[in-house]
Structure formats: structure tokens, C-alpha cells
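The structure appears below as C-alpha cells.
Index from 1, following the sequence. As the structure lists them, so they are numbered: ligands from 1, and atoms in each ligand from 1. If you're wondering where the values come from, they're calculated on a predicted model, not measured in any experiment. Worth knowing before you read on, the calculation uses all heavy atoms, side chains too, and leaves out hydrogens, waters and symmetry mates.
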Amino acid sequence: MTREDGIDEVRARLSNARAVTVLTGAGISADSGVPTFRGADGLWRNFRVEELATPEAFARDSRLVWEWYNWRREIIAAKLPNPAHAALADMERRFDRFWLITQNVDGLHRQAGSTKLSEIHGDIWKVRCTACGRVEENREVPIPIPPACSACGKLVRPHIVWFGESLDPVEFGRSQEAAQSCDVMLIIGTSGVVYPAAMFAPFAQTAGAFVVEINRDPTPYTEIVALSLQGRASEIVPQQLLKLRLGERGRDAAQRGGARTELRVAAEDDGDAVIVGDSGDPAQDVLASTLAGMQRPGAPGALAKSERILVAPDGLVCDPRPALRLG
Ligand code: BV8
Ligand code: ZN
């Protein structure tokens, strides 16, 4: 099966799905410029995990651990969601039930507009007090070391799940339930080696879901999932969305939702898309602007210029300016 056939198959499955669950890993943020963990240029190549991402490491040398997180906060602070993040943010409004499980701590899914999500490994932009347990947002870059709790003045740590620590039981429970009750699961940009996150795909598959992997490289999932699409998340995920036909249920939902939800990104059957104007919806606008921005100048099907676009489904064109080919 070619990649295009695979994308068509996913589109067809999504068109008929009521419940969709997505699991993402560092690969989805790689196209935003955030380093991944494993692989040739991964973070663990240069750092030993047990020296930095464990409670023991923090107890031994909290300054070293904070310096590492400061370095990562500085990198992430300069990054923006890419078209794959934006496409998933849009997708949550297309299904009766949708849940996004992310292992990423970079916050880019939220920045893209996702709200139905569990950040199962925590959030690099939050700190937690080692004494009173208070969790608070902190966006300082760099964070002054040692950082102190605003309530009790004691040392705070990153609000992140380190190796050997348990996941938040509420978020884990929600994620497990979403994995076991979906019709389609997308696994995007994860090496699938960290547990318990690695169990969600087998959970879904055992429960009868159609499980699709999207990854630049082969992983332990590649041989066991229903479909594996090899390539960059920022290209494949929006492609699935762009080609998504809404189907009866989707069209009903769009009509119920009124004008705002009628403004969706979708391609015409022949791949053409049309500018329809500003939705007034930040998530849609991120999607539109990143779709425009992701087009490489001169690439086949590239947009003529980078501008905010919105594309209507099923010929709902509000502002028929010249059609653009999205390829
Ligand atoms: C727990 C926080 C109960 C730091 C992270 C032996 C066997 C099995 C399990 C274990 C074992 N020994 C210990 C365990 C348990 C352990 C574990 O799984 N270890 C593994 C690694 C052996 N798990 C735990 O400890 C978990 N807790 O089990 O609790 C418990 C309690 C007490 C005692 C024991 C157990 C806690 C897990 C902690 C997770 N935290 N780090 C931080 O982020 O600051 S894990 C780290 O890896 C990241 O947080 C990340 O979220 C996670 C997963 O990595 P990926 O996202 O998959 O990233 P990776 O780089 O690996 O892969 C990127 C992929 O993207 C690649 O496949 C690449 O091909 C692809 N890609 C690249 N570019 C693109 C792309 N794909 C598409 N497009 C692109 N452009
Ligand atoms: Zn405190």
C-alpha cells in the first residue's frame, strides 16, 4: 500500500469513527524544533537519564537538574506549534468523543488549542513544591536557581513525571479509558518504549480499535498496528485532516454548531481548497496560518503566499477568492 493509499484508508476510518484517541510523543514536536529523547540527535545521547530525570537525581543535585530544565525551557520557549499540533486541535471538535494523550511536556498541544488532553508526563511550564505540594505555573526563562515556592518558600521541582514515579492516577485512568473505548487510535511520533504510555496502543488494539502509527522511523509498533505511515508528523497529520470527509454525522454536527464550526479545513475531492476568511476562532486560525506557513516555497502544490486561510467543507465557501491547491 502506498502512503497515499494509507492516508485515504485513515481518512475513511476517521469519517466513520465516533470516538478517536491520539497518543503523541516527542516526534510530533520535532518539526517545531524541539529535540526528541532517543535516536541520533536525541537528548539522552548527551545526558544520562538517571542523572537528570529521576527523583534520586534531584535529591542528589537539584541545581544540575534545574540547569538542564532551564536549558530545555529556553529551547521550547522559542518554539511554536506546527501543522500537526494544529490539526489535532481542530480534530477534537470533529468527533463525538476525542481524547489526546501526550507524553510531551512542552505545552505545544495546548498552545495550538487542544483542550481534550492528558499531559501524562507533566508540564515543563509548571513547578511543584517539594514541601507543600503546591503546583503553579512558572514561565520564567531561566528560572532563578534554587526556585522557591510562592506559598511556603521551600524548593520547587519541575511538575514532570520522572522515571520511577507514578503517573497521575486521574490522567492515567482517563487515558486508559479513552484507549479502550475508541474506534480509531493514532500513535504519532513516539518510540513506544516508555511505560505505561507504551501500553495504550495494545490496549486499544485489543479492544478492537483501528490503530494507526505515524512515525518518521520504524518502531516496536510498526509490525503490530493495523497501519503504519512512515513520514513526518507535520506533513501526514494535516494531510489526513485535509482530506477528511465529514460524513453524515460530521455534517450534522457542523450544521448544529452554526457558522463558526462550518468554517473547517477540508479539501475538495480534487485537492483544491478555497480561502474563506477569518473564523474568529484562535484554534482554527492557528491551523490555517500554520497550514499556510508549512508550505515550502516552490514545492509541488505549495500555496502561493503565506496568509491566513480557512477552507470550507463540502463546498461551503463564504468568500470565494482564487482557489489554492493544497496538494
Ligand atoms: C512508572 C521525563 C510505576 C523527563 C520521561 C523495564 C521494562 C519496562 C518498564 C520499565 C523498566 N524499568 C523501568 C520501567 C518503567 C519506566 C520505563 O518505561 N522505562 C523504560 C524506558 C525502560 N517507566 C516509568 O518509570 C514511569 N513510571 O512506571 O510508574 C512505577 C513506580 C515506581 C517504581 C517503578 C514503576 C514513568 C515514566 C517517566 C516518563 N518521563 N521523562 C522530561 O521529559 O523532562 S520519559 C521521556 O520519554 C519523555 O518524557 C517522553 O515523554 C517519553 C517518551 O519518549 P518519546 O516521546 O517516544 O520520544 P523518543 O525520543 O523516544 O521518540 C521520538 C520518536 O519520534 C521516534 O520514534 C522518532 O522516530 C519519531 N520522530 C522523530 N521526528 C519525527 C518523528 N515522527 C514523526 N515525525 C517527525 N518529524
Ligand atoms: Zn510550598
(request) Tell me which protein heavy atom sits closest to atom 80 (N) of ligand 1, plus the residue, atom name and distance to 0.1 Å. (result) Asp31 OD1, 3.0 Å
(request) Output all residues satisfying side-chain hydrogen bond (donor to acceptor under 3.5 Å, both in side chains) with Arg48, sequence neighbours left out; order by chain, then residue number. (result) Glu50, Glu51
(request) Could you find the nearest protein heavy atom to atom 32 (C) of ligand 1 and give me its residue, atom name and distance? (result) Gly164 O, 2.8 Å
(message) Taking only non-hydrogen atoms of Ser234, do any sit less than 4.0 angstrom from ligand 1?
(response) no
(message) Below a 4.0 angstrom heavy-atom separation, can you tell me which part of Arg38, side chain or backbone, both or neither, approaches ligand 1?
(response) both
(message) Tell me which pairs pass side chain to side chain donor-acceptor pair (under 3.5 Å) where either residue lies in residues 188-208, with sequence neighbours left out.
(response) Gln103-Thr190
(message) Are any of the N/O atoms on Trp162, whether in the backbone or the side chain, positioned under 3.5 angstrom from an N/O atom of ligand 1?
(response) no
(message) Evaluate Leu167 for polar contact with ligand 1, using N/O atom pairs at a separation under 3.5 Å.
(response) no
(request) Give the contacting part of Glu165 toward ligand 1: side chain, backbone, both or neither, where contact means a heavy-atom distance below 4.0 Å. (result) backbone
(message) Students should be able to answer this: which protein heavy-atom is nearest to atom 57 (O) of ligand 1, and at what distance?
(response) Thr190 OG1, 2.6 Å
(request) From the options Tyr195, Phe172, Tyr221, Phe163, select the one whose nearest heavy atom is closest to atom 5 (C) of ligand 1. (result) Phe163
(message) When you compare the side chain of Ile76 with that of Ile124, does any pair of heavy atoms fall below 4.5 Å?
(response) yes
(request) Sort by chain and number the protein N/O/S atoms found under 2.8 Å from the Zn ion (ligand 2). (result) Cys129 SG, Cys132 SG, Cys149 SG, Cys152 SG
(message) Does any N or O of ligand 1 fall below 3.5 Å from an N or O anywhere on Val105, backbone included?
(response) no
(message) If the condition is side-chain contact (heavy atoms from CB on, under 4.5 Å), which residues does Ser150 pass it with, not counting sequence neighbours?
(response) Arg134, Glu136
(request) Mark up the atoms of ligand 1 that fall under 4.0 Å of a heavy atom belonging to Tyr69, in ascending order. (result) 4 (C), 42 (C), 44 (O)
(message) Within the 4.0 Å heavy-atom shell around Arg72, which atoms of ligand 1 are there?
(response) 42 (C), 43 (O), 44 (O)
(message) Geometry only, no angles: is Trp68 polar-contacting ligand 1 at N/O separations under 3.5 Å?
(response) no
